[in-house]
J.: 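Dropping the structure in here first, questions after.
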Amino acid sequence: MLSLSIRPALLSLALLHASGVAAAEPQRPSAVDPTAAAGNPAYRSAFSDYRAMEGAPPQDWHSVNDAVTRTGGHAGALKETDAPETKPDAASPAGHAGHKH
């Protein structure tokens, strides 16, 4: 146990340290005070890093669409597959006529 003469010294040292830490912190405006002054927020445009598109010059859209069609569409979506063509069975009814609800 600490002697009685050390306790007041430790207490005063702790208080000095706490007051020094509090004094070192910058004063901030109160978050609950509507009249408190606040700094202006920094503005940064979303377009500040924009770079214009570089590369191929614009082309006639008709010819570009025709080229896309000739090559199988976007990502090959219009290409015919190697799967055999399936034809409806002659015995199966056409459309929704075979549904029994």
J.: Between S45 and Y43, is any pair of side-chain heavy atoms under 4.5 Å apart?
T.: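 Yes, their side chains come closer than 4.5 Å.
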J.: Restricting to non-hydrogen atoms, name the atom on T71 and the atom on V68 that form the minimum distance, rounded to 0.1 Å.
T.: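 For T71 versus V68, the nearest heavy atoms are OG1-O, 3.1 Å.
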J.: Taking atom CZ of R44 and atom CG of D49, what is their separation to the nearest 0.5 Å?
T.: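 With rounding to 0.5 Å, CZ (R44) is 4.5 Å from CG (D49).
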